2 protein chains.
Amino acid sequence: MSSERTGQRVLVTLRRMISAGELAAGERLAEIPLAERLGVSRMPVRMAFRELEQEGLLVRAGARGFAVRAVSPEQIIGAVEVRGVLEGLAARLLAERGASEAVLDTLKTCLKEGDALFENGCFAEADAPLYLDLNIRFHAAIIQASGNLAIQEALSRNDHLPFASVKALAIDRNNLAAEYKRLNYAHIQHHAIVEAIAAGQGARAEALMREHANAVLRYTELDPAREGVAILRGS
Amino acid sequence: MSSERTGQRVLVTLRRMISAGELAAGERLAEIPLAERLGVSRMPVRMAFRELEQEGLLVRAGARGFAVRAVSPEQIIGAVEVRGVLEGLAARLLAERGASEAVLDTLKTCLKEGDALFENGCFAEADAPLYLDLNIRFHAAIIQASGNLAIQEALSRNDHLPFASVKALAIDRNNLAAEYKRLNYAHIQHHAIVEAIAAGQGARAEALMREHANAVLRYTELDPAREGVAILRGS
DNA sequence: ATTGTATAAATTGTATCCAATTTGTGGGGG
DNA sequence: CCCCCACAAATTGGATACAATTTATACAAT
C-alpha cells in the first residue's frame, strides 16, 4: 500500500462528500462503515475525523463518534462578520506599514483583470471562474502582505465553513444581470481598497474591507439547492 | 487500561511541557521516544501531534515529524491584534443587539469583584489569581453573549499562543506597584466597556475593547525568564 | 578530495487485534 | 402498566505488528 497517500485521499474524499452533501448535515459517522465504504482500514478514517473536527466540518456527537456539522444561516453570517474584521485588520495594517511596489503590482493586476471582465457591461457564465480566481488572489495578497500570520491562521479555520470564504462563489445562472451588478460593485470596492492602501489610509482601508465582506452576505439569500444556482470553488 | 483517558493525559502533558519550555522551541519531536518517555504507545502521541498542530503549538518539520513552534515577539503582537478585533466585534454585536439582564449581571459582578481588589490602592501577590479569574469570566461572558460562534472558535485557536490569551497573565513580583497601575487601568476599561454595552453604544464598545487588548501588549515587555516574573494560567 | 550511489537504519503511516465503555433491548420486579 | 436492572451487541480507543519512505553514512569512482 502507498504510505502517506491513503490518509490524504480519505481526507479529501470526506471533505468532498461533506461539502457535496453526500453526507447529510447532522448525520452521525461511524468509523467502521466509512472505512469499509472507502476501502481502507479504520486508522486513516480516525485521523481524518480529528482533522475534520479541527476544520469545523465535524462535531463530536455526544460521547460516541462524530457528526457532520449542521451550519445555520446565522452561523454563516457570523463567520462572514469574523472574516470582515480580520481582513479589515489586514488591510489597515498593510496601509499603515505601507505596501511594497511588488504588492501594489499584484493588486493592480487583479484590478486590471477585473476591469476587463466588467467593461462589456454584462456577464457571461464563463466569466465567473475568472472573477473567483482574481478575487482569491486579491484577498490572499492583502492578508499575506499584512505581515500578521495570526490573521491568516484565523481565516484558514473560518474559511472551512461553506459560503463564509472568498474561495467559494455562489452564482445564480438565471439572474446573470443581477450577478453582474453584485460582482461589479465588489470590484469597485477592490479599486477603493487599493486606493486607500496605496495612500496609507488605514482606517479607510479597514472600513472598506469590512463593508466588502458584507457584500458577500447576499450569497446566503441564494438557496444552493435551487435550479440554476451554481457553487464555484477555488484552489 | 483506561480507555479515552490516555489520549487526554498525553495531550495535556505535551501542552504543559511545551509551554513550560521542557520541549525547546524548534526542537524536533519523534513519536517513539516521546511515547516511551510517557509510558504509552505511539498511537495517543500521534493523535496528540495532529491536535497540537491544529492548536498552533507544533509545526510540521519537513516531510518527517513535527517540531515545537518557535514564536517570535512579532507573532505575539499579531495574535493580540487579532484578539483585539475579534473581541471588539463581540462587544459591538452585544451592544447592538442589547445585553440581557443576566449578562449584565454577570459583567457587573466582575466589576464589583475588581473594585474590591483595587480599592486598597495597592496590590498583593495573592490578588493576581483573583484578577485573572474575574478577567477570564468577563471576557468569556461578552464573547458568549455576542451570539457569534465563529468569534469563539477563532479565539480558541488564537489563544493557544502563549501570552496572546486573556487566560495567561504575566506578573512581575518585583514591581507590584507598576502591576497595580497596569491592572487597575485594565479594570477601569472594563467599567467603560460595560457602560458602552449597557447603553447600546456599539462603536464605542468596539473601540474600547480593541484598546483593552492592546493593554496586554505590556506582557511582551516582560522577560518570562527573568527573576520575579511569574506566569499565571487560568482554567 | 569530492561527489554520487547504494545500503542500512530510523521513522512514519497503515492494518489488525484486544480491551473498555456505551447503548439498546429484554426480562423481571414493583 | 411502568420502571429499573442486567446482559448483549456495537463502537471507539489503545497497542502491537508490518510496510514503505526517507535520511544518513560509507564506500567507490572520477
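Chain letters run A, B, ... following the sequence lines, proteins first, then strands; residues in each count from 1. The structure displayed is predicted, hence computed values, not measured ones.
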N/O-N/O pairs, protein side and nucleotides 22-25 of chain C side, under 3.5 Å:
unit_1	atom_1	unit_2	atom_2	d
C/dT22	O4'	A/R64	NH1	2.7

ring-ring contact (aromatic ring centres under 6.0 Å, His included) pairs touching residues 60-107 of chain B, sequence neighbours excluded, are B/F49-B/F66
Please evaluate residues B/R69 and A/E153 with respect to the criterion salt bridge (Lys or Arg N to Asp or Glu O under 4.0 Å), reporting the C-alpha separation (whole Å), side-chain torsions for both, the decisive distance (0.1 Å), and the verdict. CA-CA 14 Å; B/R69 178 175 182 179; A/E153 290 181 3; 3.0 Å; yes
Whichever of A/V40 and B/I32 has the more 5' nearest nucleotide on DNA chain C, that residue is B/I32
query = Taking only N and O in the side chain of B/R50, is any of them less than 4.0 Å away from OP1 or OP2 of C/dG13?
reply = yes
When rounded to whole Å, the CG to P distance for the pair B/L58 and C/dT12 reads 12 Å
Rounded to whole Å, the CD-C1' distance (B/E31 to C/dT14) equals 12 Å
From CZ of B/R46 across to P of C/dT14 the rounded distance in Å is 7 Å
Taking a pair to mean Watson-Crick or G-U wobble geometry with both distances below 3.5 Å, D/dC2 pairs with C/dG29
Here the distance between atom P of C/dG13 and atom CE of A/M47, to the nearest Å, is 7 Å
More than 12 non-hydrogen atoms from neighbouring residues, nucleotides or ligands closer than 6.0 Å to CD on A/Q144, yes or no?
no
* Touch class at under 4.0 angstrom, heavy-atom based, for A/L29 against every strand present -> sugar-phosphate
Whole-Å distance, A/F66 CZ to D/dG13 P, equals 6 Å
note: A/E36, atom CD; D/dT11, atom C1'; distance rounded to Å ~ 12 Å
Please state whether the phosphate of C/dA15, meaning OP1 or OP2, lies under 4.0 angstrom from any side-chain nitrogen or oxygen of A/R42.
-> no
